Amino acid sequence: MKAIVDCNSFYCSCEKLFRPDLNNKPVVVLSNNDGCIVSRSDEAKQLGIPMAGPYFEAKHIIQENDVAVFSSNYNLYGDLSMRVMETLRSIAGKGNVEVYSVDEAFVDLNIIPAEELYKTAKLIKDTVEMWTGISVSIGVGPTKILAKLANHIAKKNKTATGCVSVLATTEERRNALKKTRINNIWGVGGAYANKLINLGITSAWELALMSEEWAYQNLGGVVGVRLIKELHGEQAIDMKKELLEKKMIATTRMFGSPVNNINDIKEAVATYTSRAAEKLRRQYSAAKVISVFVVKKEQDHMLNFRQGGTISDCITLPVATSITHELIKPALTLVDKIYKRGNEYKKAGVMLSGLERDSSIQGNLFKPETKNCGRRLMDMMDNINFSQRDDILKFASSGTTRNWKMRQELRSGRYTTRWEELFEVH
DNA sequence: TCTGGGGTCCTAGGACCC
DNA sequence: TCTGGGGTCCTAGGACCC
């Protein structure tokens with residue numbers, strides 16, 4: 001059996017942790033650039049504030065109801081996430097926890113006898129809450145998809161379930177499938193949900209009655225087959241080993257306001273490249289392919305605010321590298337290629353792929369000495385930037401004017417990761 | 001008029017997730 | 001006026017090989 005442990009309204013819970021005055025008050029957290037609402041406390045959900053909707057559209061509800069609003073504070077969320085995951089590892093054993101996202105992890109409960117599953121889930125829940133202050137919901141089932149389904153049920157009715165739901169027997173599984181709508185199944189997104197509804201399939205139960213052959217034809221080949229198997233309780237999606245290296249690393253941002261000057265775009269792209277290179281070094285990888293894209297500000301943004309016009313290009317490097325300035329150079333060449341005068345741009349991004357182990361970490365006899373110096377310089381920069389202040393050391397091409405910098409006007413303190421912002425009790 | 005039968009590797013794009 | 005930023009996996013199709 002597997003459990004999925006999911007932090008309740010994670011970003012909001014992190015903010016509330018340091019603001020006891022907001023207990024039982026509505027809270028929302030905004031995406032980068034203060035654009036969308038990406039987390040809502042239960043009280044905010046009850047006010048009818050939609051998930052992932054634009055901030056400006058919900059502003060009137062927010063003001064009328066005195067909702068507390070925060071910009072995203074990833075330093076804080078990242079640190080609290082680590083504490084939650086460490087707690088899970090200490091309870092379940094290191095090898096039995098798969099971190100799935102910043103606020104979710106699968107826990108392998110194979111050694112727990114059926115009659116103790118609920119008790120164990122409850123123990124996990126109480127311990128995480130006691131040690132970190134973050135409340136969680138837990139779903140338990142024979143497969144990942146059924147665990148997610150159980151979790152959905154637990155969250156939907158917190159008072160009745162106590163945020164814990166276990167699907168151990170055939171009977172429990174059947175009832176759960178019957179009351180779950182198709183679009184709440186993990187792995188069924190908008191496109192598949194529409195297709196299924198058109199075919200008259202509206203509940204998870206009805207979907208589970210379909211054959212694997214049918215799923216192969218209609219739900220994306222092997223992906224659909226796995227879905228049906230998992231709904232039947234047959235494991236088709238394995239637990240992953242921890243600390244897998246990423247296969248792609250991206251840093252992309254909306255600009256605070258539209259930009260038309262190529263130098264501003266270059267500053268932004270150089271900055272994003274530095275950020276991406278840091279992520280690269282953190283997992284000891286080097287990149288062989290660098291892509292850069294820009295997105296034009298659309299003319300009619302009500303019609304296609306998400307698509308926009310994306311223009312991208314990429315360069316394959318002769319040798320994979322993790323050295324910032326070796327990546328900035330091709331990145332800026334790419335900006336020259338894709339930038340068109342007279343256009344307004346709202347977003348840019350850098351993606352690193354073709355990742356390999358970084359061979360310059362250990363001294364390399366077959367590479368000129370300068371190569372290793374580069375890596376040492378990078379390590380020093382990373383250390384200083386991490387321990388002091390972001391970007392206290394940076395490359396000149398990243399610029400100093402930063403006309404393009406994103407909005408982030410309502411961020412709380414980085415209480416747990418910066419000495420000068422440490423939480424104080426008076 | 002007739003034109004094989006395998007492979008592999010790479011890329012673009014679509015679907016999904018949080 | 002104002003609509004995020006990461007990721008993953010899979011498939012189809014083209015290029016290329018013998």
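Source: prediction; values computed, not measured. Note on naming: letters A, B, ... go to the chains in the order of the sequence lines (proteins, then strands), and numbering restarts at 1 for each one.
- The salt bridge (Lys or Arg N to Asp or Glu O under 4.0 Å) check on Glu234(A) picks up nothing, with sequence neighbours excluded.
- Screening residues 5-15 of chain A for side-chain hydrogen bond (donor to acceptor under 3.5 Å, both in side chains) gives Asp6(A)-Asn151(A), Asp6(A)-Lys155(A), Asn8(A)-Ser135(A), Asn8(A)-Ser137(A), Glu15(A)-Tyr77(A), Glu15(A)-Ser412(A) as the qualifying pairs, with residues at least two apart or on separate chains.
- When heavy atoms are screened at a 4.0 angstrom cut-off, Asn32(A) is found touching the sugar-phosphate backbone but no base atom.
- In this structure, Asn184(A) places its CG atom 14 Å from C1' of dC17(B), rounding to the nearest Å.
- To the nearest angstrom, C1' of dT3(C) lies 13 Å from NZ of Lys59(A).
- Looking at residues two or more places apart in sequence or on another chain, you find no side-chain contact (heavy atoms from CB on, under 4.5 Å) involving Lys329(A).
- Screening residues 28-54 of chain A for side-chain hydrogen bond (donor to acceptor under 3.5 Å, both in side chains), with sequence neighbours left out, gives Lys16(A)-Glu43(A), Asp34(A)-Ser71(A), Ser41(A)-Glu43(A), Asp42(A)-Lys158(A).
- Sorted by first and then second residue, the side-chain hydrogen bond (donor to acceptor under 3.5 Å, both in side chains) pairs involving residues 216-232 of chain A (not counting sequence neighbours) are Thr143(A)-Glu230(A).
- Listed by residue number, Lys247(A), Met248(A), Ile249(A), Ala250(A), Thr251(A), Thr252(A), Arg253(A), Met254(A) are the residues of residues 247-262 of chain A with a heavy-atom contact under 4.0 Å to DNA chain C.
- Using atom C1' as the reference point in both dG4(C) and dC17(B), the two lie 15 Å apart (nearest Å).
- Legend: residues meeting side chain to side chain donor-acceptor pair (under 3.5 Å) with Asn23(A), ordered by chain and number and at least two apart, are absent.
- Taking the side chain to side chain donor-acceptor pair (under 3.5 Å) definition, one finds that Glu129(A) meets it with Lys125(A), sequence neighbours left out.
- Remark: C1' of dT8(C) and CG of Leu227(A) are 16 Å apart, rounded to the nearest angstrom.
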Per-nucleotide protein contact string for nucleotides 10-16 of chain C, where B marks a base within reach and S marks sugar-phosphate only (heavy atoms under 4.0 Å, - for neither): SS-----
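- Rounded to an integer number of Å, the gap from Glu104(A) CD to dT8(C) P is 16 Å.
- Per the geometry, CG belonging to Leu355(A) stands 14 Å off C1' belonging to dG6(C), to the nearest Å.
- By the ring pair (Phe, Tyr, Trp, His ring centres under 6.0 Å) test, Tyr415(A) is found to be paired with Phe18(A), Phe423(A), residues two or more places apart in sequence or in another chain being considered.
- Here Arg281(A) does not pair with Glu278(A) in a salt bridge; the nearest charged N to carboxylate O distance is not below 4.0 Å.
- Between the NZ atom of Lys156(A) and the OG1 atom of Thr161(A) there is a distance of 10.5 Å, given to the nearest 0.5 Å.
- Residue Lys279(A) is in sugar-phosphate contact alone, with no base atom involved, counting any heavy-atom pair closer than 4.0 Å across all strands shown.
- Among the nucleotides dT3(C), dC17(B), dG4(C), the one closest to any side-chain atom of Tyr100(A) is dC17(B).
- Thr333(A) meets the side-chain contact (heavy atoms from CB on, under 4.5 Å) test with Ile315(A); sequence neighbours excluded.
- Rounded to an integer number of Å, the gap from Lys240(A) NZ to dC9(C) C1' is 9 Å.
- Distance, Ile145(A) CD1 to dC9(C) P: 15 Å, rounded to whole Å.
- Here Ile185(A) lies in heavy-atom contact (under 4.0 Å) with sugar-phosphate atoms only.
- Minimum interatomic distance between Lys144(A) and Asp238(A) (heavy atoms only, all atoms of both residues): NZ-O, 2.8 Å.
- Atom CG in Asp238(A) sits about 12 Å away from atom P in dC9(C), given to the nearest Å.
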Give DNA chain C the dot-bracket treatment, 5' to 3': Watson-Crick (N1-N3 with N6-O4 or O6-N4) or G-U (N1-O2, O6-N3) under 3.5 Å, [ ] crossing, | other strand. ....||||||||||||||
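- Using a 4.0 Å heavy-atom cutoff across all strands shown, Gly349(A) reaches no nucleic acid atom at all.
- Of the listed nucleotides (dC18(B), dC2(C), dT8(C)), dC18(B) has the atom at the smallest distance from the side chain of Lys148(A).
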